[in-house]
Amino acid sequence: MNSSRERLGRIRGLMKERGIDLYIIPVNDPHLGEYVPDHWRIIAWLTGFTGSAATVVVTDTFAGLWTDSRYFVQAQNQLTDSGFQFMKPLMNDNKDFIDWLSDNVRNESTIGVDGRTLSIGKMRKIERSLDGKEVKLITDADLISEIWNDRPPMPLSEAFDFPVSLCGKDRVIKIAEVREKMIRHKIDYHLLTSIDDIMWLLNIRGNDVKYSPLLTSFAIVTADQILLFTEETKIPYKLASEFDRIGIVILPYEETAGIVSTLSADSTILITPETTSARLFHSIPHGMKIIEGFSIPGQLKSI
């Protein structure tokens with residue numbers, strides 16, 4: 001299987017098997033940033049389009065790609081003979097794929113998406129656009145892993161310490177400042193999903209993304225611990241010892257949603273909707289108080 005048309009055919013076959021009428025593919029990874037590791041460059045592999053912003057929608061008779069004006073010429077060229085239609089907006093028309101869904105999704109349709117790559121904020125916009133229609137939205141539909149046989153592995157770069165002489169404050173001070181704000185706003189848990197927030201807070205960097213010093217990770221800040229979800233092999237011994245000393249616990253990356261689901265339902269959690277995936281949001285225990293807003297590290301690092 002070596003062409004976009006063949007891959008599109010395989011996706012449609014899986015959609016038919018699973019009763020999915022429409023499949024959405026965002027350009028994102030689970031952290032919903034603009035630049036992603038090769039493992040998550042699904043749209044580039046599927047369509048040939050290599051821009052950093054795009055959404056693909058597939059039905060049994062339609063396959064379209066939306067992107068922004070930076071990539072209009074590029075998309076027209078790269079999608080030639082791919083089986084995917086470039087959905088270039090008309091002059092003064094700001095319609096995106098959500099508007100297309102509103103106009104084209106039929107009643108009693110089933111929409112599938114890999115919820116790891118869709119923010120809860122974007123999911124809500126989709127749901128609002130389909131208000132009044134009897135539509136089922138499945139957020140655990142990963143069709144890509146089954147057909148991308150030579151998919152690049154998840155990145156495994158090693159974390160490195162970022163010295164105070166360059167970042168300005170010791171990680172212990174930053175963590176204390178975050179906890180102070182959590183106490184002030186009566187927040188028990190702060191879920192960090194944006195990698196650059198985690199890098200800033202812990203004074204570490206990595207090389208998981210080209211041209212960006214990021215280490216793929218999630219984190220949960222509590223009153224006495226920080227749970228850092230990344231592969232243990234990515235944290236060198238000296239840094240791991242420092243983390244252990246100040247209460248940073250390293251847990252497997254894939255266990256993030258599972259650990260979130262075990263948090264106390266009688267507590268409060270702060271999340272950022274734009275960078276929190278639908279999968280992670282749905283793992284939050286029912287009854288837990290959810291505060292949505294800009295992350296505390298994001299606020300502090302902007303000053």
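All residue numbers in this chain count up from 1 along the given sequence.
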Answer whether the closest heavy-atom distance between the side chains of [X] and [Y] falls below 4.5 Å.
X	Y	result
I147	W45	yes
T193	L32	no
L22	V57	yes
E255	T262	no
D103	K95	yes
F160	L215	no
D208	K234	yes
T55	D96	no

- Task: Decide yes or no on salt bridge (Lys or Arg N to Asp or Glu O under 4.0 Å) for K174 and E177, but give the supporting numbers first.
- Result: CA-CA 5 Å; K174 293 180 178 180; E177 290 176 345; over 6 Å; no
- salt bridge (Lys or Arg N to Asp or Glu O under 4.0 Å) between R10 and E6, intermediate numbers included: CA-CA 6 Å; R10 289 287 303 277; E6 289 174 319; over 6 Å; no
- Message: Is there a salt bridge (Lys or Arg N to Asp or Glu O under 4.0 Å) between D188 and K289? Walk through the geometry before answering.
- Response: CA-CA 10 Å; D188 301 299; K289 183 179 179 181; over 6 Å; no
- Evaluation steps, salt bridge (Lys or Arg N to Asp or Glu O under 4.0 Å), between D21 and R106: CA-CA 9 Å; D21 301 299; R106 300 186 298 270; 5.3 Å; no
- Task: Kindly state each residue pair satisfying ring pair (Phe, Tyr, Trp, His ring centres under 6.0 Å) with at least one member in residues 238-263, sequence neighbours excluded.
- Result: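 Counting only pairs at least two positions apart or across chains, the ring pair (Phe, Tyr, Trp, His ring centres under 6.0 Å) contacts touching residues 238-263 are H31-Y253, F218-Y253.
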I need the [X] [atom1] to [Y] [atom2] distance, nearest 0.5 Å.
X	Y	atom1	atom2	value
Y23	R12	OH	CZ	14.0 Å
N28	S52	CG	OG	10.5 Å
D29	R41	CG	CZ	11.5 Å
I120	I271	CD1	CD1	7.0 Å
S157	R205	OG	CZ	12.5 Å
I204	I198	CD1	CD1	8.0 Å

Near [X] [atom1], under 6.0 Å, is it more than 12 heavy atoms from other residues, nucleotides or ligands?
X	atom1	result
K133	NZ	yes
E108	CD	no
D81	CG	no
E232	CD	no

Side-chain donor/acceptor of [X] to backbone N/O of [Y], under 3.5 Å:
X	Y	result
D197	W200	no
N203	K169	yes
Q225	T222	no
S109	V135	no
S102	S129	yes
E158	P236	no

Minimum-distance pair of heavy atoms, taken over all atoms of [X] and [Y]:
X	Y	answer
S277	G115	CB-O, 3.3 Å
S217	T230	CB-CB, 4.0 Å
L263	P285	O-CG, 3.2 Å
L228	I248	CB-CG2, 4.0 Å
G293	L270	N-CD1, 4.0 Å
D68	A53	OD2-CB, 3.5 Å

Residues [X] and [Y]: side-chain donor-acceptor under 3.5 angstrom:
X	Y	answer
D114	T117	no
E292	T276	no
S295	T272	no

- Item | Residue of the set L192, I187, L201 for which side-chain contact (heavy atoms from CB on, under 4.5 Å) holds with V178 |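 Single side-chain contact (heavy atoms from CB on, under 4.5 Å) partner of V178 among L192, I187, L201: L201.
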- Message: H190 and side-chain contact (heavy atoms from CB on, under 4.5 Å): which single residue from R179, M182, H185 fits?
- Response: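 Result: among R179, M182, H185, M182 is the only option passing the side-chain contact (heavy atoms from CB on, under 4.5 Å) with H190.
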- Verify same cluster id: M87, V58 (apolar side-chain graph, 4.5 Å):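 Yes, it is one cluster - the side chains of M87 and V58 are joined through contacts under 4.5 Å.
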- Message: Salt bridge or not between K301 and D196? Use side-chain N to carboxylate O under 4.0 Å.
- Response: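 Looking at K301 and D196, the cut-off is met.
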- Query: Looking at the rings of F49 and Y71, which for Trp means the six-membered one, are their centres under 6.0 Å apart?
  - Reply: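 So the answer is yes for these two rings.
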- Item | All ring pair (Phe, Tyr, Trp, His ring centres under 6.0 Å) counterparts of F72, not counting sequence neighbours |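 Partners of F72 under the ring pair (Phe, Tyr, Trp, His ring centres under 6.0 Å) test: F86.
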